[in-house]
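So the structure is just underneath, and the comments pick up after that.
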Amino acid sequence: MENNHQVQEHSKVSIEKIIDSIRESRDSLISGFLLGSTLVPFLEQNFNIATLSPIKLEFLKRDLKELQISTLDLVHYSSLIKQMKDANTYLPVTDHPLVLQEIRSVFQKYCS
């Protein structure tokens, strides 16, 4: 029994892996928007807009690319990081409210 406990302690997920997992999930979602496959459904579902003007669309994509290459806002994601650390997991979190909130804020600039 003691051996199992030691193995579990050694297999704890690091904060770095959790942060990388959140960033990869966010960036994967952004990539879908940049390729266009999920952009229109996201606009329709979240903003009741079927399309944007070509100029707004280009600016939106530029801002999404900037978000994609930016570092993760650790303050914004602190509750998710803590939750994942407590659960000892770094599973993908693409549909987590904090990820969607960060991305919606970019869309909001062009959809209001």
Side-chain angles (χ1 to χ4, degrees):
M1 194 67 145
E2 181 105 19
N3 241 354
N4 286 340
H5 183 66
Q6 288 175 344
V7 170
Q8 288 175 352
E9 281 189 20
H10 291 297
S11 65
K12 288 203 184 245
V13 176
S14 71
I15 296 289
E16 291 79 20
K17 280 192 175 199
I18 292 171
I19 292 169
D20 288 345
S21 172
I22 295 170
R23 182 156 191 233
E24 287 172 14
S25 295
R26 178 195 71 177
D27 294 350
S28 173
L29 185 60
I30 292 171
S31 291
F33 292 133
L34 293 175
L35 294 173
S37 61
T38 58
L39 185 66
V40 172
F42 189 81
L43 285 170
E44 290 174 344
Q45 185 177 36
N46 292 278
F47 301 100
N48 293 324
I49 297 174
T51 189
L52 291 174
S53 71
I55 293 171
K56 283 186 175 182
L57 193 57
E58 286 306 310
F59 279 109
L60 172 62
K61 286 183 176 182
R62 181 204 62 195
D63 285 356
L64 287 171
K65 286 177 189 174
E66 287 177 7
L67 178 61
Q68 191 174 33
I69 62 172
S70 71
T71 58
L72 203 64
D73 181 352
L74 298 179
V75 173
H76 177 76
Y77 287 103
S78 62
S79 63
L80 177 58
I81 293 168
K82 181 179 180 339
Q83 180 183 13
M84 292 173 80
K85 180 72 175 164
D86 292 345
N88 198 33
T89 185
Y90 58 93
L91 296 175
V93 291
T94 306
D95 61 345
H96 192 277
L98 290 175
V99 175
L100 295 174
Q101 180 185 18
E102 183 178 31
I103 291 173
R104 273 192 204 106
S105 68
V106 174
F107 276 83
Q108 189 70 40
K109 293 192 298 189
Y110 301 101
C111 296
S112 53

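- Annotation: side chain of Ile69 is not in contact with side chain of Asp27 (no heavy-atom distance under 4.5 Å).
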- Task: Kindly indicate, with the supporting measurements, whether the criterion side-chain contact (heavy atoms from CB on, under 4.5 Å) is fulfilled by Leu80 and His96.
- Result: CA-CA 9 Å; Leu80 177 58; His96 192 277; 3.5 Å; yes
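- Note: Ile19 CD1 to Ile81 CD1 = 4.5 Å, rounded to the nearest 0.5 Å.
- Among residues at least two apart or in separate chains, ring-ring contact (aromatic ring centres under 6.0 Å, His included) pairs with a member in residues 32-55 are Phe33-Phe42, Phe33-Phe107, Phe42-Phe107.
- Both Leu74 and Tyr90 sit in one connected hydrophobic cluster of ILVMFWY residues. Membership requires side-chain heavy atoms under 4.5 Å apart, directly or through other members.
- Rounding to the nearest 0.5 Å places CD of Gln83 at 11.5 Å from OG of Ser78.
- In this view, Asp86 and Lys82 satisfy the side chain to side chain donor-acceptor pair (under 3.5 Å) rule, not counting sequence neighbours.
- Applying the side-chain contact (heavy atoms from CB on, under 4.5 Å) test to Gln101 and every residue at least two apart in sequence or in another chain returns His76, Leu98.
- When the shell of 6.0 Å around NZ of Lys109 is examined, it contains more than 12 heavy atoms from other residues, nucleotides or ligands.
- Pairs of residues two or more places apart, or lying in two chains, that qualify as salt bridge (charged side-chain N to carboxylate O under 4.0 Å, His left out) and include a residue from residues 98-108 are Arg26-Glu102.
- Rounded to the nearest 0.5 angstrom, Leu72 CG and Ile18 CD1 are separated by 11.5 Å.
- Leu52 is not connected to Val40 by any chain of hydrophobic side-chain contacts under 4.5 Å among Ile, Leu, Val, Met, Phe, Trp and Tyr, and they are in different clusters.
- Leu35 CG to Lys61 NZ: the interatomic distance, rounded to the nearest 0.5 Å, is 8.5 Å.
- A search for salt bridge (Lys or Arg N to Asp or Glu O under 4.0 Å) contacts involving Lys17 returns nothing, not counting sequence neighbours.
- Remark: Tyr110 OH is packed, more than 12 non-hydrogen atoms of other residues, nucleotides or ligands lying under 6.0 Å away.
- Judged purely by atom type and a 3.5 angstrom limit, Ser70 uses its side chain to pair as donor or acceptor with the backbone of Leu67.
- If you take OG1 on Thr89 and NZ on Lys85, they are separated by 12.0 Å, rounding to the nearest 0.5 Å.
- Ile22 and Val75 fall into different hydrophobic clusters, defined by Ile, Leu, Val, Met, Phe, Trp and Tyr side-chain heavy atoms under 4.5 Å apart, directly or through other members.
- Two residues are said to be in side-chain contact when any heavy atoms from C-beta on lie closer than 4.5 Å; Ser21 and Leu91 fail this criterion.
- When the side chain to side chain donor-acceptor pair (under 3.5 Å) test is applied to Arg62, no partner is found at least two apart in sequence or on another chain.
- The side-chain heavy atoms of Arg23 and Thr71, taken from C-beta on, include no pair separated by under 4.5 Å.
- Of the possible donor and acceptor atoms, none in the side chain of Asp63 sits under 3.5 Å from a partner among the backbone N and O of Val106.
- Atom CG of residue Leu39 and atom CG of residue Leu34 lie 8.5 Å apart, to the nearest 0.5 angstrom.
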